[in-house]
Amino acid sequence: MSSIAYVTNSFPEASEAYVAAEILALLRCGCRVVPCSFRKPRTPADVSESLGQGALYIFPLALRACLLATWMCISQFGKIADLVSRAVQEPQTFPRRLRNLVHTWLGAYLAVRLRAECVSHIHVHHGYFASWSTMVAARMLDIGFSITLHGSDLLVSADYLDCKLQNCQFCFTISEFNRNYILEHYAIAPDKVAVHRVGIDLNCWPPVRAQSSSMFTLVSAGRLHPIKNQAFLVLACNSLRNAGVHFRCLIAGEGGEREKLQLLINEFGLGEEVRLLGHVPRTELAQLYSEADVVVLTSRSEGIPVTLMEAMAMERVVLAPAITGIPELVTSGETGFLYQPGSMDDFLAKLIAIKSAGSALNYLRRAARRRIGRDYGASRSLASLTDDFLERVKRGLQPRASERLSDEDSLLQQVQLRV
């Protein structure tokens with residue numbers, strides 16, 4: 001039975017339910033899975049008790065493990081010398097060099113914690129700092145690691161991604177756009193990168209009828225972060241109000257941009273039209289979507305947003321920028337609408353067209369749910385992912401086992417010669 005560590009920056013995150021779903025799928029295949037997280041989430045998701053022993057958290061640090069991690073860095077420095085050199089030699093500020101060294105040391109700390117779990121492979125979601133620490137831990141433990149890349153971790157914050165891709169056993173990503181981007185920008189064998197789409201359970205997102213109402217309702221769901229660009233939505237709301245459109249806009253999510261967004265809402269006097277709802281539990285999202293005439297996304301960068309999948313499954317009209325992998329999910333005019341990235345005029349024109357069309361878009365709503373059921377159903381996505389994952393892990397374990405046997409044979413020969 002394989003023993004696999006599943007690493008994330010934060011677990012369980014309400015916006016990353018797919019991580020828990022993948023862990024549960026591996027458990028059902030007979031694997032032993034150790035969920036690992038560097039920190040606890042601010043808004044944790046509800047996860048099944050079948051995750052068993054629960055997550056292994058790096059923070060807060062334990063003194064004994066800190067001492068062992070420091071000793072491991074010293075005694076096994078040869079294993080990570082090239083990584084340390086890469087972390088400190090590139091042109092960068094001293095604080096960044098120091099941060100890289102801390103992340104490297106955290107990799108040793110992770111190795112200390114995982115050594116007791118006897119894992120044979122580590123998988124990490126997202127290419128952020130946890131992926132560097134995971135790579136270091138895998139080196140320290142002489143095991144393989146793999147990575148799933150989503151959106152911003154590939155297209156915006158791709159720190160040392162060339163190094164991570166070179167050292168990983170394999171890489172999963174969630175769209176053909178991402179895979180093509182990786183192959184075009186990094187020296188990596190094509191068969192090392194595979195597309196596995198995130199899926200959703202359609203039973204959790206039942207279709208709802210379009211409601212006739214004089215109040216045109218926009219819904220946006222996602223963390224409040226500059227990359228999500230909710231300020232663009234607030235500016236659009238100001239234009240709608242100035243054009244005499246009767247509407248309301250509900251923005252669900254928490255994050256560092258909340259104060260700035262609220263100031264912007266106040267500046268434009270949009271307090272009656274635009275509401276920041278804060279964190280909305282996953283169990284209440286369906287009710288929120290059901291109130292929407294259109295679910296909008298205004299991100300500067302994305303993978304393939306689960307928010308759009310959920311809304312489309314509920315036969316809601318969606319409007320999103322034509323960026324990255326989104327056109328693989330949304331065919332404009334057939335299963336939703338796309339607007340030119342950054343174009344306020346196109347965004348507003350699409351909103352007005354959706355409002356004017358009303359029930360005439362019922363064909364599109366039904367087509368959207370069919371698209372999700374056909375290409376983004378959770379059971380099919382998870383089955384494909386787990387089969388490929390376990391086969392690749394198995395292939396990676398075989399040469400490592402052969403190397404260990406070769407080392408043992410060499411040692412045995414030395415003993416026999418001395419005798």
Side-chain angles (χ1 to χ4, degrees), residues 13-18 21 150-152 154-155 173-178 195-208 210 217-225 227-230 232-233 236 249-253 277 280 282 284-341 346-347 350-351 353-354 361 363-378 380-381:
E13 280 285 356
S15 61
E16 298 176 3
Y18 49 83
H150 291 258
S152 299
L154 169 64
L155 305 170
T173 191
I174 63 172
S175 70
E176 291 293 343
F177 176 93
N178 283 2
V195 174
H196 286 286
R197 305 185 189 282
V198 174
I200 63 170
D201 184 352
L202 264 70
N203 295 324
C204 296
W205 310 99
V208 293
T217 301
L218 292 72
V219 167
S220 173
R223 61 195 172 101
L224 306 184
H225 187 278
I227 204 71
K228 299 297 184 181
N229 200 19
Q230 286 97 345
F232 180 90
L233 178 56
C249 178
L250 308 176
I251 302 176
L277 303 179
V280 175
R282 191 168 179 78
E284 299 176 14
L285 275 177
Q287 176 59 40
L288 179 63
Y289 291 142
S290 71
E291 299 179 27
D293 291 294
V294 57
V295 174
V296 299
L297 191 79
T298 54
S299 302
R300 294 188 173 96
S301 178
E302 279 287 353
I304 296 187
V306 173
T307 294
L308 295 184
M309 296 181 202
E310 296 164 348
M312 291 168 69
M314 293 187 65
E315 298 186 0
R316 302 294 84 196
V317 177
V318 299
L319 174 60
I323 58 172
T324 61
I326 293 177
E328 297 174 35
L329 172 67
V330 180
T331 302
S332 197
E334 296 182 15
T335 59
F337 292 95
L338 300 174
Y339 68 92
Q340 298 174 22
D346 193 33
F347 183 74
K350 292 290 197 311
L351 281 177
I354 292 168
L361 294 177
Y363 77 93
L364 180 146
R365 296 181 176 94
R366 292 189 291 269
R369 182 171 172 84
R370 287 196 298 271
R371 166 68 62 83
I372 299 302
R374 185 181 71 241
D375 298 332
Y376 294 90
R380 183 180 301 177
S381 298

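Residue numbers count from 1 along this sequence. If you're wondering where the values come from, they're calculated on a predicted model, not measured in any experiment.
Closest approach of V280 to A252, counting heavy atoms only: CG2-CB, 3.6 Å. Nearest heavy-atom pair, K350 versus L319, reported as atom, atom and distance to 0.1 Å: CB-CD1, 3.8 Å. For the residue pair R371 and E328, the shortest heavy atom distance occurs at NH1-O, 3.6 Å. Residues Q287 and S290 share a closest heavy-atom pair of O-OG, 2.5 Å. Y339 and L297 make their closest contact through OH-O, 3.4 Å (heavy atoms, listed as atom of the first residue, atom of the second, distance). Scanning all heavy atoms of the two residues, the minimum distance from T324 to G303 falls at OG1-O, 3.6 Å.
Taking OG1 from T307 and CZ from R316, the interatomic distance works out to 15.0 Å, rounded to the nearest 0.5 Å. Atom CD of E310 is separated from atom CE of M314 by 9.5 Å, given to the nearest 0.5 angstrom. Atom OG of residue S220 and atom CG of residue N229 lie 10.0 Å apart, to the nearest 0.5 angstrom. Atom OG of S301 and atom NE2 of H150 lie 12.5 Å apart (nearest 0.5 Å). Remark: R380 CZ to R374 CZ distance equals 9.0 Å, nearest 0.5 Å. Note that the OG atom of S152 and the CD1 atom of I227 stand 4.5 Å from one another [nearest 0.5 Å].
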Practice problem: Give the C-alpha distance, both sets of side-chain angles, the deciding distance and a yes or no for side-chain contact (heavy atoms from CB on, under 4.5 Å) between V306 and V198. | Solution: CA-CA 8 Å; V306 173; V198 174; 3.8 Å; yes
Exercise. Using the side-chain contact (heavy atoms from CB on, under 4.5 Å) rule, take E315 and V208 through it: C-alpha gap first, then chi angles, then the decisive distance, then the call.
Key: CA-CA 7 Å; E315 298 186 0; V208 293; over 6 Å; no
Quiz item: Could you go step by step and tell me if I251 and L224 meet the side-chain contact (heavy atoms from CB on, under 4.5 Å) rule?
Solution: CA-CA 9 Å; I251 302 176; L224 306 184; 4.0 Å; yes
Exercise. Test side-chain contact (heavy atoms from CB on, under 4.5 Å) on Y363 and R365 and set out the steps.
Key: CA-CA 6 Å; Y363 77 93; R365 296 181 176 94; over 6 Å; no
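Other residues, nucleotides and ligands contribute more than 12 heavy atoms inside 6.0 Å of the CD atom of E176.
Residues L329 and R197 fail the side-chain proximity criterion, which asks for heavy atoms closer than 4.5 Å. Taking the side chain as every heavy atom from C-beta outward, L155 and F177 approach each other to under 4.5 Å. Taking 4.5 Å as the limit, some side-chain heavy atom of I304 sits within range of a side-chain heavy atom of Y376. Looking at D293 and I354, their side chains never come closer than 4.5 Å, going by heavy atoms from C-beta outward.
Each of V330, L364, T331 was scored for a side chain to side chain contact (heavy atoms under 4.5 Å, CB included) with F337, with one residue passing: L364.
Remark: side-chain polar atoms of T298 are paired, donor with acceptor, to backbone N or O of K228 under 3.5 angstrom. At least one donor-acceptor pair under 3.5 Å links the side chain of D346 to the backbone N or O of Q340.
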